[in-house]
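Because the structure is a prediction, the values reported are computed rather than measured. All chains are named by letter (A, B, ...) in the order of the sequence lines, taking the proteins before the strands, and each is independently numbered beginning at 1.
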Number of protein chains: 2
Amino acid sequence: MPRTEGGRRGRGTGGGATARRAARVQSASGTKLSYIRRKVPEYELLDEAGLAIIEANADTILEEIGIEFRDDAEALEMWKAAGAEVSGERVRFPKGLCRELLKTAPHTFVQHARNPENSVEIGGKATIFAPVYGPPFVRDLDGVRRYATIEDFRNIVKLAYLAPSLHHSGGTVCEPVDIPVNKRHLDMLLAHMTLSDKPFMGSVTAPERARDTVEMCRILFGEKFVDENCVVINLINANSPMTFDGTMLGALKVYARANQACIVTPFILAGAMSPVTVAGTLAQVLAEALAGAAFTQLCRPGAPVVFGTFASSISMQSGAPTFGTPEPALVSYGAAQLARRLGLPFRTGGSLCASKAPDAQAAYESANTLNSTMLAGTNFVLHAAGWLEGGLAVCFEKFMMDCDQLGMMQAFSRGVDLSENGQAMSAIREVGPGSHFLGCQHTQDNFQTAFYRSAIADNNSFEQWSAEGALRAENRAGQLCRRWLDSYEAPALDPAIAEALTAFVAKRKAAEADAFA
Amino acid sequence: MPRTEGGRRGRGTGGGATARRAARVQSASGTKLSYIRRKVPEYELLDEAGLAIIEANADTILEEIGIEFRDDAEALEMWKAAGAEVSGERVRFPKGLCRELLKTAPHTFVQHARNPENSVEIGGKATIFAPVYGPPFVRDLDGVRRYATIEDFRNIVKLAYLAPSLHHSGGTVCEPVDIPVNKRHLDMLLAHMTLSDKPFMGSVTAPERARDTVEMCRILFGEKFVDENCVVINLINANSPMTFDGTMLGALKVYARANQACIVTPFILAGAMSPVTVAGTLAQVLAEALAGAAFTQLCRPGAPVVFGTFASSISMQSGAPTFGTPEPALVSYGAAQLARRLGLPFRTGGSLCASKAPDAQAAYESANTLNSTMLAGTNFVLHAAGWLEGGLAVCFEKFMMDCDQLGMMQAFSRGVDLSENGQAMSAIREVGPGSHFLGCQHTQDNFQTAFYRSAIADNNSFEQWSAEGALRAENRAGQLCRRWLDSYEAPALDPAIAEALTAFVAKRKAAEADAFA
């Protein structure tokens with residue numbers, strides 16, 4: 001079990017030079033926590049009456065319209081046996097069925113990391129940050145935008161390992177398109193397992209890849225441990241509106257039956273996959289999440305499951321997705337409330353943007369998304385660092401800038417210290433009117449921890465900033481990124497385990513012909 | 001009186017070409033409102049127990065430590081007469097005195113604009129945005145950073161007039177350093193009064209300049225109207241910690257006695273002007289605001305007054321102010337709660353940043369500040385557009401980007417539409433599983449107003465964005481800015497009033513020798 005107050009660590013896991021290097025990296029970019037325990041309240045956007053309307057509409061969708069479970073005869077049989085009305089691939093749910101099934105789902109659970117200090121709690125007042133998921137392109141440190149490779153993938157995993165404000169190694173941090181599509185999950189998993197000791201995500205692109213994931217987890221954690229504990233978390237997107245497809249259902253069944261966590265996420269570009277209104281989108285999101293999450297409990301009662309929401313709007317001129325705008329923020333706040341009422345952990349948001357460059361647009365949109373993500377009380381924050389171009393590219397510079405912002409969110413989440421030291425009346429008495437607090441005892445006692453220190457923001461004068469080359473934020477972020485990568489050393493791993501993982505990957509690769517589509 | 005739902009306007013105030021041009025500008029950048037009426041709740045950071053601790057500490061500061069009222073013998077006499085204990089320039093307040101005095105201060109009030117459609121409500125659920133205040137430098141449309149001039153000043157006033165998401169013309173939108181310091185307030189006021197018809201701020205740098213402000217308001221609005229209504233709002237900064245200086249007190253007295261509004265603002269760089277902790281800063285802010293705001297009621301019971309807070313942290317390495325960090329956000333949330341409990345309108349935040357360029361740092365910091373400003377329930381948002389370099393420079397490109405963000409905040413503040421149309425069940429029924437909402441009737445009926453449309457964000461593909469020159473957000477903002485300035489036409493003003501204002505400025509200028517310090 002992780003410590004309840006996501007422990008602060010002054011040292012890396014290695015000794016000597018590694019530890020000193022890790023300490024330097026960490027002190028320059030926020031406090032190392034295994035996860036955040038929020039001491040600030042959630043923002044309650046909707047009142048009881050509003051939430052009740054949306055819940056009633058979700059019930060109506062489930063009962064009258066139903067949800068399609070496609071290309072999965074077994075799923076349809078399971079629903080029939082559970083008391084749902086199945087016609088073709090359409091499943092209609094008697095009122096209350098999904099909520100009843102979800103009573104076995106845990107309110108919070110622990111995802112274990114191979115380094116127990118990095119295990120995370122998911123749910124309740126805990127929040128964890130994971131990197132971007134899914135981009136086929138990379139904007140590299142030379143500012144070149146190109147297809148991503150396994151080397152890029154490994155570098156992102158290394159950076160996430162080093163980042164004190166990232167609690168999770170993530171999953172498909174980019175698509176390594178230089179590896180055949182039917183083999184790349186093996187290289188991705190191997191990277192997460194060997195280059196990092198933070199928790200990670202599994203493959204969902206085919207049931208057999210989910211099975212490979214579970215097999216590799218058994219090598220890493222031991223078979224019995226995996227059956228009894230959550231060691232991998234997996235992204236199961238609904239094919240909105242109101243549809244789950246066979247691929248996602250196949251992966252979901254493998255993971256839930258193996259007692260591993262699923263994040264069931266209606267993937268919504270409002271206006272295309274849902275109505276153009278917030279209240280309409282929320283009712284649909286709730287219905288989809290209820291059906292998908294309840295299905296995990298049909299597979300294995302008690303399997304950990306997260307209520308996910310990916311919300312974006314579209315440009316009504318071009319149909320392109322937009323990010324950081326007001327409507328998705330409203331959806332996130334509302335969906336978080338619905339998940340809390342359901343007693344499920346919640347996932348949404350991140351550092352989302354539509355910009356093609358790590359410029360002001362990228363930052364405004366990311367900050368708008370991240371602020372609503374945090375105040376919503378989100379438990380699992382995917383896409384927290386590196387996202388660019390509506391998720392089509394991972395940007396190294398933005399990855400570093402986002403990590404800096406995540407450090408700020410960690411600090412914000414500590415809330416207001418109301419202890420005697422926090423009240424600081426001794427300082428106010430000592431200083432008095434018209435003087436300053438810079439040298440007073442209280443300031444000296446507290447200044448090391450008082451304010452968040454950014455490793456990227458430049459707060460100097462215009463003159464000094466100019467003399468230092470008038471760098472933009474992304475330039476400084478790129479420099480920091482190179483220093484981090486130079487400082488990287490892999491966390492220790494039992495050589496026998498490393499060998500077994502490598503052998504498994506080699507064996508599975510040999511069994512498959514290359515496929516690139 | 002303004003309409004309670006800050007009316008949407010499809011037309012400019014002129015006819016024909018002007019109206020068409022204004023409509024083009026507006027449709028490209030959000031909805032024109034005279035002010036925002038928030039339909040979303042405030043974020044309540046602190047609970048009752050936490051707020052009570054801070055209020056008790058503020059009472060202790062007022063009673064035991066006291067506040068200095070410097071270089072103003074009259075103020076000290078007034079406090080003595082009101083029952084305070086005065087020793088030297090230190091004023092100590094019997095418990096409850098300030099709160100008792102503030103019972104005559106209005107909870108909300110109207111600041112009138114010469115165009116009644118632009119009058120604003122200040123307090124309660126109303127929020128208004130005003131531009132940056134005070135920068136001596138400008139970052140112009142060629143990216144050159146130089147001293148600001150009266151031409152820059154006039155251009156910012158024109159842009160604020162054109163911006164649908166700015167509700168206020170502001171005050172010292174930049175320092176026109178090409179005009180002698182003892183005369184520039186006259187040119188600034190003339191610009192606000194003639195180039196815009198939105199509400200504006202007065203001069204506070206000397207009591208006689210405050211008197212000039214009131215005189216010019218009497219010319220613009222009529223003497224009787226000014227005595228009976230608030231037509232100008234004025235920024236009175238405390239000289240924190242726990243000090244008001246003679247200049248600010250002199251201006252405060254002029255305005256309060258003329259029934260005009262004061263924003264009494266503890267100006268805090270935490271760690272220098274207040275303790276390094278949030279709770280300590282909040283207690284000091286509350287004590288200073290209580291003393292300063294209560295003093296307005298000694299000058300004229302019923303005079304409108306706003307509880308202000310300017311909160312920033314400092315870099316503990318260099319002493320430089322930092323912005324967009326977690327600690328000032330916590331201070332803003334807490335101070336807003338304290339102001340609400342006091343029943344006073346509240347001012348904080350804006351689009352603050354320390355960056356020297358309109359880059360990602362500027363945007364992250366501004367968005368962090370603006371998000372907390374909005375969710376705090378701030379009534380008067382100064383520095384909402386254009387702020388760069390810790391307030392040392394106004395940046396035209398950032399002004400435009402900030403206005404776009406303010407438009408998003410307006411849209412967010414509308415909250416969730418829970419009407420039948422908002423619930424959109426007809427759309428969900430019509431579309432059903434596995435289809436899309438793009439063509440359905442509900443989408444067609446609502447798509448014009450469904451989502452906020454940014455005039456600056458680029459949501460296109462990487463290929464299209466590249467083909468269009470791979471512009472950064474600030475480049476697009478600069479282009480939009482030039483188009484706005486080209487489209488500007490002054491709102492109509494009675495020629496007799498314009499002449500009288502010009503004559504007053506000429507007379508007052510002739511009476512003063514040039515002074516540049």
Q: Taking all atoms of both residues into account, what is the closest heavy-atom pair of A/Gly271 and B/Phe451, and its distance?
A: N-CZ, 4.1 Å
Q: Side-chain contact, heavy-atom cut-off 4.5 Å: B/Ile428 with A/Thr60?
A: no
Q: Only pairs at least two apart or in different chains count here, so list each side-chain hydrogen bond (donor to acceptor under 3.5 Å, both in side chains) that has a residue in residues 424-440 of chain A.
A: A/Arg429-B/Glu64
Q: Which heavy atom in B/Thr325 sits nearest to a heavy atom in A/Met408, and how many Å separate them?
A: CA-SD, 4.0 Å
Q: So B/Met273 and A/Phe437, do their side chains get closer than 4.5 Å, heavy atoms only?
A: no
Q: For the pair A/Tyr43 and B/Tyr43, name the ring-plane relationship: parallel under 30°, tilted 30 to 60°, perpendicular over 60°.
A: tilted
Q: Within residues 368-376 of chain B, which positions have a heavy-atom distance to chain A below 4.5 Å?
A: B/Asn368, B/Asn371, B/Leu375
Q: With sequence neighbours excluded, tell me which residues meet side chain to side chain donor-acceptor pair (under 3.5 Å) with A/Gln423.
A: B/Asn57
Q: Please table the atom pairs, donor to acceptor, closer than 3.5 Å between any side-chain atom in residues 354-362 of chain A and protein atoms at least two apart or in another chain.
A:
residue: A/Ser355; atom: OG; partner: A/Ala357; partner atom: N; Å: 3.3
residue: A/Ser355; atom: OG; partner: A/Ala357; partner atom: O; Å: 2.9
residue: A/Ser355; atom: OG; partner: A/Asp359; partner atom: OD1; Å: 2.7
residue: A/Lys356; atom: NZ; partner: A/Ala354; partner atom: O; Å: 3.2
residue: A/Lys356; atom: NZ; partner: B/Asp458; partner atom: O; Å: 2.8
residue: A/Lys356; atom: NZ; partner: B/Asp458; partner atom: OD1; Å: 2.9
residue: A/Lys356; atom: NZ; partner: B/Asn460; partner atom: O; Å: 2.7
residue: A/Asp359; atom: OD1; partner: A/Gln361; partner atom: N; Å: 3.2
residue: A/Asp359; atom: OD1; partner: A/Ala362; partner atom: N; Å: 3.1
residue: A/Asp359; atom: OD2; partner: B/Ala473; partner atom: N; Å: 2.9
residue: A/Gln361; atom: OE1; partner: B/Asp458; partner atom: N; Å: 2.9
residue: A/Gln361; atom: OE1; partner: B/Arg476; partner atom: NH2; Å: 2.6
residue: A/Gln361; atom: NE2; partner: A/Glu365; partner atom: OE1; Å: 3.4
residue: A/Gln361; atom: NE2; partner: A/Glu365; partner atom: OE2; Å: 3.0
residue: A/Gln361; atom: NE2; partner: B/Asp458; partner atom: O; Å: 3.1

Q: Could you check which of A/Ile67, A/Asp402, A/Asp245 has the highest count of heavy-atom pairs closer than 4.5 Å to chain B?
A: A/Asp402
Q: Let's go through A/Glu463 and B/Arg145 carefully: what are the C-alpha distance in whole Å and the side-chain angles of both, what is the deciding distance for salt bridge (charged side-chain N to carboxylate O under 4.0 Å, His left out) to 0.1 Å, and is it a yes or a no?
A: CA-CA 11 Å; A/Glu463 290 71 22; B/Arg145 193 254 203 190; 3.8 Å; yes
Q: At a 4.5 Å cut-off on heavy atoms, which part of B/Asn475 comes close to chain A: side chain, backbone, both, or neither?
A: neither
Q: To the nearest 0.5 Å, tell me how far B/Phe462 CZ sits from A/Phe137 CZ.
A: 9.0 Å
Q: If I measure from the heavy atoms of chain A, does B/Tyr333 come under 4.5 Å with its side chain, its backbone, both, or neither?
A: side chain
Q: Please look at B/Pro321 and chain A and tell me whether the side chain, the backbone, both or neither of the residue comes under 4.5 angstrom of a heavy atom of that chain.
A: backbone
Q: Taking the side chain as C-beta and beyond, is there a heavy-atom pair between B/Phe412 and A/Leu330 under 4.5 Å?
A: yes
Q: For chain B, which of A/Ser419, A/Gly415, A/Gly390, A/Ala272 has the most heavy-atom pairs under 4.5 Å?
A: A/Ala272
Q: With a 4.5 angstrom heavy-atom cut-off, which part of B/Ala477 approaches chain A: side chain, backbone, both or neither?
A: neither
Q: Tell me, for B/Ser461 versus chain A, whether the close heavy atoms (under 4.5 Å) come from the side chain, the backbone, both or neither.
A: backbone
